[in-house]
Number of protein chains: 2
Amino acid sequence: MELPEAKQKFIEAWGKLGSEWGINRTMAQVHALLLVTPGELTTEEIMESLSISRGNANMTLRDLMGWGLVEKLHKAGERKEYFFADKNTWNIARQVAKERRKRELEPVMKILDELVKVKGDSKDPEYATFNKSVTDINKMAKNVDKTLDTMLKAEENWFWGSIFKMFK
Amino acid sequence: MELPEAKQKFIEAWGKLGSEWGINRTMAQVHALLLVTPGELTTEEIMESLSISRGNANMTLRDLMGWGLVEKLHKAGERKEYFFADKNTWNIARQVAKERRKRELEPVMKILDELVKVKGDSKDPEYATFNKSVTDINKMAKNVDKTLDTMLKAEENWFWGSIFKMFK
DNA sequence: ATAAACTTTCAATAAGTTTTGAAAGTTTAA
DNA sequence: TTAAACTTTCAAAACTTATTGAAAGTTTAT
């Protein structure tokens with residue numbers, strides 16, 4: 001397989017995975033493009049390379065910056081803005097984990113905390129079932145949250161090293 | 001908060017979380033409904049309870065069974081089919097992890113394995129950048145895969161216990 | 001065999017999401 | 001200032017996904 005075809009495949013695969021995980025396909029593709037590009041790209045080049053409109057490119061880049069996955073660069077004496085992605089895979093994973101925790105896990109945990117407090121007659125199967133499910137899910141959410149917290153602070157080698165020592 | 005309202009909130013929250021993670025909202029809601037229901041429900045009751053059509057209920061229940069999260073039950077002397085969810089949170093998490101690994105992680109890993117093999121001139125920044133990103137992501141995918149594998153085989157207490165001992 | 005009780009299918013439609021592109025806005029150099 | 005070079009916005013259109021509901025299919029009891 002030649003390099004340009006391989007890049008194309010990578011961009012497609014990343015886009016598909018993104019869309020299966022609730023991330024807009026184009027956003028994942030722009031990210032993938034920047035990951036396999038040495039240096040920076042202009043909006044123009046991204047539009048061209050992925051055949052997307054100016055508006056789409058602009059919004060997608062904005063979102064990617066909002067996720068902390070892409071940064072802008074101004075070159076001295078140039079009008080254009082250049083974009084590049086942090087290419088450290090562990091940083092990417094942490095950044096995504098951090099954002100999703102904030103945007104999705106935290107709101108759900110807040111609701112679960114409320115629901116765990118709901119009082120009722122524990123002889124009533126309706127109540128007992130509700131309470132058990134909510135309590136169990138709440139515990140799991142807290143475990144996930146703690147683990148993410150550790151991950152966010154961890155160095156990659158230490159993290160996986162610890163995991164595999166444990167699960168040997 | 002009263003029980004019916006609390007159930008409603010739980011169903012909504014679960015539906016929202018599902019849709020953010022690439023799982024159809026209705027599917028997550030039906031699952032949530034079954035999680036807070038003692039015993040079983042008929043298609044009719046699910047339709048009624050969530051205000052969805054017969055066709056939608058049927059397909060959603062089929063999907064949930066495909067994910068291994070819900071089972072059918074035939075009661076002796078009755079024509080109707082009854083549905084219930086496994087309420088063990090750890091089983092649910094494992095089941096979801098198992099299916100997503102099969103449906104999403106595995107196909108991507110197959111492509112990454114191909115892309116890692118692509119040859120080129122390592123002096124060429126285009127190639128070097130591509131190769132590094134793909135190789136790094138491939139390694140991370142393999143780490144995730146191994147961890148999931150451990151999780152699938154693990155007992156809940158042991159799993160979290162090990163994780164927290166490590167990350168103390 | 002028949003019919004009642006139930007389940008499944010799927011074409012049509014609705015709802016939701018993404019993308020476009022032209023117009024408005026901004027910045028910079030001269 | 002002005003105008004060129006660039007970025008941002010957003011209403012409309014395209015596309016994607018989810019839902020409906022009626023018709024077809026299946027099962028069971030008689």
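Just so it is clear: chains get the letters A, B, ... in the order the sequence lines come, proteins before strands, and each one is counted from 1. Small disclaimer: the values here were computed from a predicted structure and weren't measured.
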Distance, rounded to the nearest Å, where [X] contributes [atom1] and [N] contributes [atom2]:
{"X": "A:Met47", "N": "C:dT18", "atom1": "CE", "atom2": "C1'", "answer": "16 Å"}
{"X": "B:Glu78", "N": "C:dC6", "atom1": "CD", "atom2": "P", "answer": "8 Å"}
{"X": "B:Leu50", "N": "D:dT19", "atom1": "CG", "atom2": "P", "answer": "11 Å"}
{"X": "A:Lys16", "N": "C:dT18", "atom1": "NZ", "atom2": "C1'", "answer": "19 Å"}
{"X": "A:Glu45", "N": "D:dC6", "atom1": "CD", "atom2": "P", "answer": "12 Å"}
{"X": "B:Met59", "N": "C:dT7", "atom1": "CE", "atom2": "P", "answer": "15 Å"}
{"X": "A:Lys80", "N": "D:dA5", "atom1": "NZ", "atom2": "P", "answer": "11 Å"}
{"X": "B:Ile46", "N": "C:dT7", "atom1": "CD1", "atom2": "C1'", "answer": "13 Å"}

>> Distance to the ring centre below 6.0 angstrom and angle to the axis at most 45 degrees; does that hold for A:Lys72 and A:Phe83?
In response: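 Ring-cation test returns no.
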
> Are A:Arg100 and A:Trp21 in a cation-pi contact, defined as NZ or CZ under 6.0 Å from the six-membered ring centre and within 45° of the axis?
Replying inline: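 Verdict for A:Trp21: no cation-pi partner in A:Arg100.
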
>> Check the orientation of B:Phe130 and B:Tyr127. Use parallel for under 30°, tilted for 30 to 60°, and perpendicular for over 60°.
In response: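 Answer is tilted, since the angle falls between 30° and 60°.
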
With a cut-off of less than 4.0 Å, is there a side-chain N or O of [X] near OP1 or OP2 of [N]?
{"X": "B:Asn56", "N": "D:dT20", "value": "yes"}
{"X": "B:Lys72", "N": "C:dT8", "value": "yes"}
{"X": "A:Asn58", "N": "D:dC10", "value": "no"}
{"X": "A:Thr26", "N": "C:dT19", "value": "yes"}

>> On DNA chain D, compare the nucleotides closest to A:Tyr82 and B:Ser53; which residue's is nearer the 5' end?
In response: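 In this pair, the answer is A:Tyr82.
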
> Quick check: are there more than 12 heavy atoms from other residues, nucleotides or ligands sitting under 6.0 Å from NZ of B:Lys16?
Replying inline: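 Atom NZ in B:Lys16 is not crowded, with 12 or fewer foreign heavy atoms closer than 6.0 Å.
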
> Relative to the 5' end of DNA chain C, which residue comes earlier, A:Ile23 or A:Gly55, by the nucleotide with the nearest heavy atom?
Replying inline: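 Nearest-nucleotide comparison on DNA chain C picks A:Ile23.
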
>> Both A:Arg54 and A:Arg79 contact DNA chain C. Which one's nearest nucleotide lies toward the 5' end?
In response: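 So the residue in question is A:Arg54.
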
>> What I want to find out is whether A:Lys142 reaches A:Asp113 closely enough, with some N-O distance under 4.0 Å, to be called a salt bridge.
In response: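 Yes, A:Lys142 and A:Asp113 are salt-bridged.
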
>> Given D:dT20, C:dT7, D:dT8, identify the nucleotide with an atom nearest to the side chain of A:Glu81.
In response: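 Of all the options, the side chain of A:Glu81 is nearest to D:dT8.
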
> Of the candidate nucleotides C:dT20, D:dT7, D:dT19, which contains the atom at the shortest distance from the side chain of A:Thr43?
Replying inline: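 Looking only at side-chain atoms, A:Thr43 lies closest to D:dT7.
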
>> Heavy atoms only, 4.0 Å cut-off, all strands: where does A:Ser51 land among base, sugar-phosphate and nothing?
In response: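 Sugar-phosphate, no base atom in range.
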
